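By convention in this document, chain letters (A, B, ...) are assigned in the order of the sequence lines, proteins followed by strands, and residues within each chain are numbered from 1. In this text, all values refer to a predicted model and were calculated from it rather than measured experimentally.
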2 protein chains.
Amino acid sequence: MTEFGLSPIQATARDDAVLKALAGFVMREALGPGQRLPTERILAERLKVSRNTVREALTRWEGLGLVERRQGSGTYLKGVVSLDMLHMPLTLAGGNDFTSLMQTLEIRRALEAEAAALCAVRAGQADLVEIGRKLDIMEQAFHTRAGMSAEEDWEFHQSIYRSSGNPLFEQIIAAMHELFHRFWEHPLGVRDFGHASFPYHRTIYERIAAHDPEGARAEALKLIATVEDDLKRGAAKLELSGQK
Amino acid sequence: MTEFGLSPIQATARDDAVLKALAGFVMREALGPGQRLPTERILAERLKVSRNTVREALTRWEGLGLVERRQGSGTYLKGVVSLDMLHMPLTLAGGNDFTSLMQTLEIRRALEAEAAALCAVRAGQADLVEIGRKLDIMEQAFHTRAGMSAEEDWEFHQSIYRSSGNPLFEQIIAAMHELFHRFWEHPLGVRDFGHASFPYHRTIYERIAAHDPEGARAEALKLIATVEDDLKRGAAKLELSGQK
DNA sequence: ATGGCTCAATGGTCCAACCAATTTCTGCAT
DNA sequence: ATGCAGAAATTGGTTGGACCATTGAGCCAT
């Protein structure tokens, strides 16, 4: 089973050519997230290809999360694109059951701890300010709305991933966040879900601010542990009520 | 900025509906990798949608690596599809450079350590035998071929992920494995790349066999650290030779 | 200002062709 | 019968044009 360093040539490459051209355009124009890019009709005309071809190309970018299409409005950049991008599409077969949730939590434990540690090492002053701001917002939301601070909680964690100096953390966790949302939509949780994890948000922040990677890692691990406990409690309650 | 518990309704969903129907079809027919699925024209007719819509849907699956289209032949399954799939398109800006490799290594450090620890807790006797076997094969390959044991090395690590009791570890790391392959194809590394990491494979195995999670985690971290060092040495050498 | 109206712009879908690669069939030479 | 070259059918890839659905901007009456 010898392995040659050859990848099969692409029989047709119109779509890829379109994307390459478009990536070049985005770089030349220095377009960033949120910006609108040319309409499909314009692209088709300029690139001398059918609009359908343009659409297939954009569909690929959309699937990769690089772009967002809004009917009636336009197509907008959602991420940073460059000519040399490497895509690692990852699809996981995961359901809404307890086991799947627990498995994603194990991944999150691994990544969250590492991200917190890296953040403690690399975060600059501006990063710390931003994280602290998100923390304040979250704590305020927690107190005023008594617990329902899922959105603010998420933004706090996101700011940590973002300051880890490694965009992969944010990307991976973001996908898992979606899975959790799926779960919460199904009304099968305990009442005050993230309640117990609340105090650890501040302790994590403090360890990061003190540039103490191992301390930050430890606090992050504690936080995940409380979420796991909540999940187990929810599962036990479900068991009791005799769910399928 | 009040946040209602409402998610924006999906304006259009033809493509998604097509994919859902197709996923259902694949499951009912118990189709697996390598199998051919119906023609675009047939799908369009059966699902009462335009062939264009079918194509956009299949383009998405193709981008996700779930399917492979061969002009003149047909569309073939490349992976396992199910109705409840979670997609995580990971995008790395800047393909083969040092930074990208380092970033994937940071992810791998987080996951590898956690997987080793979990494996030490959950691995049964059969798992240990399997891991030990892979280790023997790798060590033998290392000695006979003097270092070039990338394939066997990979299989050893895979066996650990597989015994971690959480399939997500293997899937995530597998996606990154491809990136490393690409890197090695480019002849820009130090000569004996994985050399220094060799002894830690056995120490990891020993800690797992002893059901010592923290020990296993520590050894895994040491292993990754040596790889990071190798990478840094390679990068420094590149710097010296004045590469673009 | 506010709410409703029109209207142009834009993405979403459809159709009917034709092109290009592949596979299958056919028929002839051996 | 067998083997093989060429024709024909199959299948994904591309094109052009049409129409629908949503959005957003401009306008107007209230």
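- Between the CG atom of B:Asp16 and the P atom of C:dG11 there is a distance of 19 Å, given to the nearest Å.
- With respect to B:Glu40 and B:Arg51, a salt bridge is recorded, a charged nitrogen being found less than 4.0 Å from a carboxylate O.
- Atom CD of residue B:Gln171 and atom CG of residue B:Leu86 lie 10.0 Å apart, to the nearest 0.5 angstrom.
- Atom-to-atom, CZ of A:Arg14 to P of C:dC19 comes out at 13 Å; the value is rounded to the nearest Å.
- Remark: P of D:dT22 and CD of A:Gln71 are 6 Å apart, rounded to the nearest angstrom.
- Ranked by how close their nearest DNA chain D nucleotide is to the 5' end, A:Arg51 and A:Glu56 are led by A:Glu56.
- Using a 4.0 Å cut-off between a side-chain N of Lys or Arg and a carboxylate O of Asp or Glu, A:Glu152 and A:Lys134 do not qualify as a salt bridge.
- Judged by distance alone, with hydrogens and angles left aside, the side-chain atoms of B:Ser163 form a donor-acceptor pair with the main-chain N or O of B:Ser159 at under 3.5 Å.
- Nucleotide C:dG12 holds its P atom 8 Å from the CG atom of B:Asp15, rounded to whole Å.
- Geometrically, B:Arg70 engages B:Tyr76 in a cation-pi contact defined by less than 6.0 Å to the ring centre and at most 45° from the axis.
- Below the 3.5 angstrom threshold, one finds a donor paired with an acceptor across the side chain of A:Asn52 and the base of D:dG16.
- Contacts between residues 29-49 of chain B and DNA chain C, defined by a heavy-atom separation under 4.0 Å, are made by B:Arg41, B:Val49.
- Between B:His157 and B:His177, the ring centre distance reaches or exceeds 6.0 Å.
- Distance CZ (B:Arg55) to P (D:dG16): 16 Å, rounded to an integer number of Å.
- No donor-acceptor pair closer than 3.5 Å links the side chain of A:Asp136 to the backbone N or O of A:Arg133.
- As rounded to whole Å, 15 Å separates atom C1' of C:dG12 from atom CD of A:Glu68.
- Using a 4.0 Å cut-off, some side-chain N or O of B:Thr53 falls inside it from OP1 or OP2 of C:dC14.
- B:Arg69 has its CZ atom 11 Å from the C1' atom of D:dT11, to the nearest Å.
- Contact annotation: B:Thr75 side-chain N/O to D:dG12 OP1/OP2 distance is under 4.0 Å.
- Contacts of B:Arg70 with the nucleic acid, taken as non-hydrogen atoms under 4.0 Å apart, involve only primed sugar atoms and P, OP1 or OP2.
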